[in-house]
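In what follows, a single structure is set out as structure tokens and then discussed.
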Amino acid sequence: MTVKPHPRSGADEASRSDSQAVRASRLDEEPMPRRDFLGRAALWSAASAMFLAVLGIARLPRAAVLPSPSKKYRVTLPASMADGVAFVPQGRSVAIVRDADGIYAISTVCTHLGCIVKHTPEGFECPCHGSRFGGDGHVVRGPAPKALSWLALQDTGGGTIMIDEGKVVAAGTKVKVA
Amino acid sequence: MSAPIVSRSESANTTRADDAPALSRALTNLRMAPSRLMQTMFRSGPPKSDRSRSSFVFGNVFLHLHSVRVHRWTLRWSATAGLGVLTIAAFLIALVTGVLLMFYYKPYPEVAYLSMKDIHFVVPTGRFIRNIHRWSANIMVVGVLLHMGRVFYTSGYRTPREFNWIIGMALLVVTLGLSFTGYLLPWDQLAYWAITIGANIAQSPREVTDALGITASFDPGGFQRLLLLGSDTVGEEALIRFYLLHVMVLPMALLALLSVHMWRVRKDGGIVRPIDADQRLAPLGNETYPVFTQAPQKTYQLAAIVRGRSAEVGNGPENTVPAMPHLFYAEAAVFMVTVLVCVVWALCQDAPLKELANPNVPENPAKAPWYFLGLQELVAFSAFMGGIGIPSIVLLGIGLIPFLERETEGTGDWFGGPGGKSLVFGSIVYGLATVLGVEAFAIHFGWIRQWWVAAPQLLITAINPGTVLTALYAGYSIAMIRRYNSTRAGAVGLFTCFLCGFLVLTIIGTHFRGPNWEFYWSPTLWPEH
Ligand code: HEM
């Protein structure tokens, strides 16, 4: 870009224009007369207003309403639960296991890409990309980056428990249920 | 020849206007209305000569995205193989059939599935239209990949076409986005689990942030997933988002980008051709006549004097022919072939529709659309690297091609430049051998966690067979740059290797992976489940 001095005043410009007319052609970039400043200022403020408005509008598609079903629910345990055999409540992705120390709940959502793992005698296995987990949910094989989560559960009496899928507890947390 | 016609009828009118009563003038005007409509629609009159045909193209907003005259080189079948137009044709077919499907499709979980069943089994021609939609979308993906290959191997990305290459990449991304968002809409098992996996790939930066322990304060993965699904799970919010993207946002983005793409082809001087194309073409036939035998009636009209070189400066119009009809015939032919393939394919094979989506039982194996199965193969080793890292590296690499490779040798010729065909052939051999070797190793011996269960997650994330491949390919590319002392040779090596890698990984993911993503020689060997 060819840099030219800004005209200092209208008189300046008028006196210059004769000599300039010889050299300047339609190909040259034009100097910015003072009155253009207002135009530019208006343009820039309009542009920044639009930009800020777009930022504000962009907040809309961020999920604000989370319509997912409640993550806390009550489960009635089956009358007899063999040690080490997982019980999966209908329509839930959690495995409830009983052993000598009590009852615990492990999420069956694979930590790799969210498929539902299957409980097997050796632990858990994921059908999607072959991740394997031990009986306590730690990763044994495959691409899963983390152990399966242990979920908070609470004895609510009468052979029922309350599970909170939203709350992860330390692995090994077992609850005695009558 | 058209301009006089207009003025003659105009003057006839004014004389009559003076003597005839207003009512009969109105009647005459009514009678003339259709022809006047045509006149104002197509100012240049009926396209009966080269010049009026050119004006016709020039004066039509859609047609003038083309150039008015095209070089004869462009019309040779080998110049483009018609692949860009094939992609457009497939897109248009998908557009029309997609609008038809929207008459019946309802974007709400379960209802969506039922409406797909209605379309498939009840609506007259519904299954046919759905099949065409599905298969034309597939053709579009194949078309855009082949087209990119054509542009690359004819060096069509070189100056002044760098920007159009970038626009093309945006088109590639939008095309894949259209296919991916469409995949969820049937709300069957296939759809549900493919999108669950896809959304969790979007979340996979968490692998890294978790390992660094900063997820609580910085969680781009969780943000991406939430933005995509609008919820924690793939449900009604996700479906409506995907629907919106699929039927509105992405098609409009594609149309806008496509207009720029076509317009740039014209502004960049037409399709790339060798510098000596004129000499290599056979002389003009007798039936074509040169452009400037008749004196132009109209002098040029300029908005302002343009500085610098436009693509046409210094190039005479000789050896060009009017786009109408020569180019249009070629385009129509490609279009008809595409329609034919879609129709025959739709008659022979139905688009898949599995059972209703069940969030508690994954489809096994859960497979994405075929063109993502190469990525899924990598994701099966580590999600972040396979699903986000490698694709980003590949896109970045493709985008850098026209800026890193700025040579001129061989422009416009297939496999032109240093090395030529033998370099391409060598790269294919190397590319195939490497990907097959790495995959065979990974399938036979397993990957890091099989040998070292307690391996740190960052290591597992970073060292993916894809990373190894990328490194081997990059090394090869550098070796080629040095061997031929040419960046073009490096680009050819890299691009060819990645094509081979993509192809092999896709085939393995599609054909050789079964339940639990285990290796099977053929789907017939899959265990019952
Ligand atoms: C929806 C996807 C796309 C469509 C419909 C499309 C369409 C077209 C068409 C019709 C042409 C004219 C020449 C021909 O027919 O081959 C063209 C040229 C071109 N395309 Fe594309 N394209 C797409 C994607 C891409 C991609 C992915 C790239 C590269 C990354 C790309 C880069 C180019 C370039 C550089 C040219 C000019 C080539 C030359 O001058 O030879 N396009 N495109």
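Values below: every heavy atom of this structure, side chains too, minus hydrogens, waters and symmetry copies. Below, chains carry the letters A, B, ... as their sequence lines are ordered, and counting in each starts from 1. Model, not experiment: these values are computed from the prediction.
- Looking at B:Arg241, only its side chain comes within 4.5 Å of chain A, counting heavy atoms on both sides.
- For the cysteines A:Cys110 and A:Cys128, the sulfur (SG) atoms lie at a distance of at least 2.5 angstrom from each other.
- For a residue to count as touching a neighbouring chain, one of its non-hydrogen atoms must lie under 4.5 Å from one of that chain's; by this rule B:Trp193 touches chain A with the side chain only.
- Among the candidates B:Val379, B:Ile201, B:Val361, the residue making the largest number of heavy-atom pairs closer than 4.5 Å to chain A is B:Val379.
- Contact annotation for B:Ser382: only backbone heavy atoms (N, CA, C, O) come within less than 4.5 Å of a heavy atom of chain A.
- With a 4.5 angstrom heavy-atom cutoff, B:Phe223 touches chain A only via side-chain atoms.
- Note: B:Phe441 and B:Phe445 have tilted aromatic rings, judged against thresholds of 30 and 60 degrees for the angle between ring planes.
- Counting only N and O atoms by type, the side chains of B:Asp210 and B:Gln457 include no donor and acceptor under 3.5 Å apart.
- To the nearest 0.5 Å, atoms CD1 (B:Ile195) and OH (B:Tyr183) are separated by 8.5 Å.
- If you tally non-hydrogen atom pairs under 4.5 Å between each of A:Ser93, A:Ser131, A:Gly130, A:Gly114 and chain B, the highest count goes to A:Gly114.
- Looking at B:Arg206 and B:Asp219, a side-chain N of the basic residue comes within less than 4.0 Å of a carboxylate O on the acidic one, giving a salt bridge.
- Looking only at atom types and distance, the side chain of B:Glu355 has no donor-acceptor partner in the side chain of B:Tyr113 under 3.5 Å away.
- With rounding to the nearest 0.5 angstrom, the CD atom of B:Gln450 is 4.5 Å from the CZ atom of A:Arg141.
- Each of B:Tyr243, B:Phe242, B:Tyr192, B:Tyr108 was compared with B:Trp187 under the ring pair (Phe, Tyr, Trp, His ring centres under 6.0 Å) criterion, and only B:Tyr192 meets it.
- With hydrogens and angles left out, the side-chain atoms of B:Thr461 and B:Glu207 include a donor and acceptor closer than 3.5 Å.
- Of the atoms belonging to A:Cys126, it is backbone heavy atoms, and not side-chain ones, that fall under 4.5 Å from chain B.
- Contact annotation for B:Asn464: neither backbone nor side-chain heavy atoms come within less than 4.5 Å of a heavy atom of chain A.
- Neither the backbone nor the side chain of A:Gln90 comes within contact range of chain B; no heavy atoms are under 4.5 Å apart.
- Considering only heavy-atom pairs separated by less than 4.5 Å from chain A, the leading option among B:Pro359, B:Ala211, B:Ala366, B:Pro362 is B:Pro362.
- A:Val109 does not touch chain B: none of its heavy atoms, backbone or side chain, sits under 4.5 Å away.
- In this structure, chain A has no heavy atom under 4.5 Å from any part of B:Ile460.
- Residue B:Gln376 touches chain A through both its backbone and its side chain, counting heavy-atom pairs closer than 4.5 Å.
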